[in-house]
Each structure stands twice: as C-alpha cells, then as structure tokens.
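Working notes for the structure below.
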Amino acid sequence: MLNLNILPQGFYLEDDVVLISKKLLGKIIVTAIDNEVTYSRIVETEAYNGSKDKACHAYLHLNTPRTRVMFKEGGRSYVYLCYGLHHLFNIVTSGENNPNAVLIRAVEPILGLEVMKLRRNQVKKQVNLTNGPGKLASALGISRELNDVKLYEAGSPIWIGEEECDHEFEIIETTRVGVEYAEEDALLPWRFYIKNNPYISKK
DNA sequence: CGAGCGATTCGC
DNA sequence: CGAATCGCTCGG
C-alpha cells in the first residue's frame with residue numbers, strides 16, 4: 001500500500017492551529033477499528049482557535065467534561081456527538097491549556113472502501129462515503145469511545161501518517177461551515193481544502 | 001433537573 | 001426544507 005511515516009507528537013504542538021490545519025491536508029488517516037483497517041487522505045479541514053474563537057467549544061476557556069481533552073497536549077483525538085446523531089472527528093493541537101483543534105471535514109478513501117460502504121448503509125455514490133464530517137467518522141468507524149486517542153502512536157486505533165513522496169496541490173481558503181452563531185469569527189477564512197478534490201463537503 | 005440547542009445528514 | 005435524536009451546558 002502506501003509508504004507511511006507516522007506524524008510525531010511534535011507535529012501537533014505548534015501554537016498556530018491555522019498553520020497545522022493547512023499542513024494536515026494530504027496526510028493519511030489510518031484506522032484499525034473492529035478488526036477493519038482503513039486508509040484515507042485528509043482533503044478538508046477547519047481550524048478552531050481555542051479560547052479566543054467564538055466558534056470553538058472551548059471559547060473563554062470553557063472546560064467541561066466534553067471539552068476537557070482539548071486542554072491536553074496536542075496530538076489526540078476530540079470526538080463529540082453533533083445534533084444527537086453524528087460523530088465529528090477533530091485533532092487537538094498545541095500545548096497543554098491551549099485548547100485548539102482541527103475539525104476533519106472530508107477525506108478521500110484509499111483503502112477499506114468495502115467496510116466504509118457497509119458502515120455508511122450502502123450509499124450508492126462513492127463520493128458520498130466521506131464528503132462530510134459526520135459521513136467520514138461513520139465510514140472510518142470513529143465514534144465517541146475513541147475520544148482522547150493518541151494519534152502519534154502506531155498502536156492506536158486511529159493514527160496519522162504522511163507519505164514519503166509528497167503530492168503537489170493547491171489549497172483553497174474560505175469561511176467555516178455551520179458557525180453563524182460565532183458572529184464576527186464566522187467570517188474568518190479558517191476552512192481549508194484541496195482544490196478540485198471530488199470529496200470536498202457541501203456548504 | 002429540565003429547557004434549549006447544535007462544527008449534520010437524509011429524504012421528501 | 002424539515003425531521004431525526006440526544007448529550008451537553010446552563011439556569012433555576
């Protein structure tokens with residue numbers, strides 16, 4: 001398959017979550033869940049800038065049972081239930097007590113398409129497997145029990161790698177989806193995706 | 001302890 | 001465009 005090197009924890013520890021959001025594009029998510037392995041390429045991300053960002057769950061250092069993991073050191077998963085129905089997969093970044101996170105909004109399937117299709121209730125069009133944050137969590141087998149997983153350890157059920165030969169692509173920057181409640185912060189260009197990739201989520 | 005709501009998806 | 005669906009947060 002792909003020749004992958006696992007991203008070390010240091011990759012996630014910078015303060016600048018916007019920069020990390022862009023650097024995560026093109027990286028590979030590997031899941032080994034319920035004895036099924038999937039590989040998929042990150043093609044769309046959004047940055048959530050901790051205590052200073054009205055769109056972030058940890059705005060004003062809101063530290064609750066749900067947001068607790070965002071206050072830990074970067075490189076862990078933050079998975080939560082959205083609208084009572086969908087699990088959303090985030091990557092915690094930056095140092096302790098700097099509650100930044102990157103929402104993974106879309107991935108391109110590489111390996112394990114059969115199990116993804118099963119988990120997605122046999123959707124007809126392949127593009128609908130993973131072109132949205134709730135869809136990809138479902139397809140990859142990620143649910144709330146996989147909150148606070150260390151993504152920099154190869155033995156984890158979820159980890160992130162990069163290919164030895166990197167691919168060229170152009171990054172589009174635009175506003176984030178579904179955060180109108182965040183007032184002026186909703187206007188920040190903190191959504192990033194790979195130009196022309198077919199798996200980009202719908203606005 | 002209950003009201004209000006959400007970083008979405010799907011089907012009508 | 002509206003329903004589905006439930007855990008989290010907050011106020012009383």
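As a basis for the values below, the full set of heavy atoms in this structure was taken, side chains included, without hydrogen atoms, waters or symmetry mates. Note on naming: letters A, B, ... go to the chains in the order of the sequence lines (proteins, then strands), and numbering restarts at 1 for each one.
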On DNA chain B, check which nucleotide each of A:Asn121 and A:Val179 is closest to and give me the residue with the more 5' one.
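Looking at the nearest nucleotide for each, A:Val179 comes out on the 5' side.
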Short question: side chain of [X], backbone of [Y] - any donor-acceptor pair under 3.5 Å?
X        : Y       : value
A:Tyr181 : A:Ala55 : yes
A:His87  : A:Leu81 : no
A:Thr45  : A:Ser21 : yes

Categorize A:Arg120 for me: base, sugar-phosphate, or nothing, with a 4.0 angstrom heavy-atom threshold over every strand shown.
sugar-phosphate
Have a look at A:Arg176 and say if it touches a base, only the backbone sugar-phosphate, or nothing, with a 4.0 Å heavy-atom cut-off.
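No contact.
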Side chain to side chain donor-acceptor pair (under 3.5 Å) test vs A:Ser94 passes for just one of A:Asn49, A:Asp15, A:Asn100, A:Asp16, namely A:Asn100
Both A:Arg66 and A:His86 contact DNA chain C. Taking the nearest nucleotide for each, which residue is further toward the 5' end?
A:His86
Nearest heavy atom decides the nucleotide; on that basis, is A:Thr67 or A:Gly84 closer to the 5' end of DNA chain C?
A:Gly84
Would you grab the first and last nucleotide of DNA chain B (5' to 3') that comes under 4.0 Å of any non-hydrogen atom in chain A?
B:dG6 to B:dC10
Pair [X] + [Y], salt bridge at N-O below 4.0 Å:
X        : Y        : value
A:Lys72  : A:Glu96  : no
A:Glu46  : A:Arg176 : no
A:Glu163 : A:Arg41  : yes

Indicate whether the side chain of [X] and that of [Y] have a donor and an acceptor atom separated by less than 3.5 Å.
X        : Y        : value
A:Ser201 : A:Arg105 : yes
A:Asn128 : A:Lys124 : no
A:Glu108 : A:Tyr39  : no

Which is the 5'-most and which the 3'-most nucleotide of DNA chain C that has an atom under 4.0 Å from a heavy atom of chain A?
C:dA4 to C:dC10
For DNA chain C, report each stem as range with range, ordered by first number, or say none. Use Watson-Crick or G-U wobble pairs under 3.5 Å, at least 3 in a row.
B:1-6 with C:6-11, B:8-11 with C:1-4
Please test A:Arg191 against A:Glu173 for salt bridge (charged side-chain N to carboxylate O under 4.0 Å, His left out), starting from the C-alpha separation and ending with a verdict.
CA-CA 6 Å; A:Arg191 176 186 181 215; A:Glu173 308 188 0; over 6 Å; no
